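Right, one structure below, let's go through it.
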Amino acid sequence: MKAILLLALTAIILSQSYGFAYADHGGNHYAVGSGGIGTITVGTDSSSYTTGEMINVSGFVSEYDESDPFKNFDMTLKLVAPNGNIITISQLPLTSDGSYSTFIPAQGPLWKYDGDYTVFASHGSDRNASTTFTFILAPEVIEEVIEEEIEISEEEL
């Protein structure tokens, strides 16, 4: 009985994590996830960013039907830093064709580390995908103000 329960639990865990391994490292950076009925995609417009750039995150939900209350809900995005800190969480409405898109600015107090940042996308509890991009922290520019003392003699005045 324990062996059957362990086998069933293993099958459930594997079915939930299936589909996270695919990514296209071309111009657009996409990953395809699956689970439940259909698939979802999540991608970024580049595989790397630096401080101040805008990250375009977009994707698609297959078999989306806005008239079906069991399929008509928002896409949830979560951006996680290399140290595990959550940078942002958002919910995006899907268009009538099942696509979504948003921009995330790569700036602010939470963008402290160089490395691989991961975007997790989920549509419901059983449709998930993720993609990763590299973030390079731009060096801080320090502006230095130089004050000069100018001595003017009384004769020059």
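Because the structure is predicted, anything quoted here is derived from the model rather than measured.
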Distance, nearest 0.5 Å, that separates [atom1] of [X] from [atom2] of [Y]:
{"X": "N72", "Y": "E66", "atom1": "CG", "atom2": "CD", "value": "6.5 Å"}
{"X": "K78", "Y": "Q91", "atom1": "NZ", "atom2": "CD", "value": "13.0 Å"}
{"X": "T102", "Y": "M75", "atom1": "OG1", "atom2": "CE", "value": "12.5 Å"}
{"X": "Y49", "Y": "I136", "atom1": "OH", "atom2": "CD1", "value": "12.0 Å"}
{"X": "T134", "Y": "D116", "atom1": "OG1", "atom2": "CG", "value": "4.0 Å"}

side-chain contact (heavy atoms from CB on, under 4.5 Å) partner of I55, chosen from F133, F135, F103: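 Single side-chain contact (heavy atoms from CB on, under 4.5 Å) partner of I55 among F133, F135, F103: F133.
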Step-by-step side-chain contact (heavy atoms from CB on, under 4.5 Å) determination, I104 to M54: CA-CA 6 Å; I104 301 171; M54 293 299 283; over 6 Å; no
Donor-acceptor under 3.5 Å ([X] side chain, [Y] main chain):
{"X": "S101", "Y": "S58", "answer": "no"}
{"X": "D114", "Y": "L137", "answer": "yes"}
{"X": "H123", "Y": "T76", "answer": "no"}
{"X": "R127", "Y": "I40", "answer": "no"}

P93 to Y100 - nearest heavy-atom pair and separation: O-CB, 4.1 Å
Nearest atoms (heavy-atom pairs only) where S46 meets S48: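 Taking S46 first and S48 second, the nearest heavy atoms are OG-O, 3.0 Å.
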Any side-chain heavy atom of [X] within less than 4.5 Å of one from [Y]?
{"X": "D74", "Y": "L92", "value": "no"}
{"X": "V80", "Y": "Y117", "value": "no"}
{"X": "S62", "Y": "F60", "value": "yes"}
{"X": "T51", "Y": "W111", "value": "no"}
{"X": "L77", "Y": "V57", "value": "yes"}

Worked verdict on L94 versus F73 for side-chain contact (heavy atoms from CB on, under 4.5 Å): CA-CA 8 Å; L94 297 172; F73 39 89; over 6 Å; no
Candidate pair T118 and L79, rule side-chain contact (heavy atoms from CB on, under 4.5 Å), full reasoning: CA-CA 6 Å; T118 304; L79 177 60; over 6 Å; no
Test ring-ring contact (aromatic ring centres under 6.0 Å, His included) applied to Y113 - qualifying residues, sequence neighbours left out: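 Not a single residue meets the ring-ring contact (aromatic ring centres under 6.0 Å, His included) criterion with Y113.
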Set of side chain to side chain donor-acceptor pair (under 3.5 Å) partners for N85, sequence neighbours left out: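 Partners of N85 under the side chain to side chain donor-acceptor pair (under 3.5 Å) test: none.
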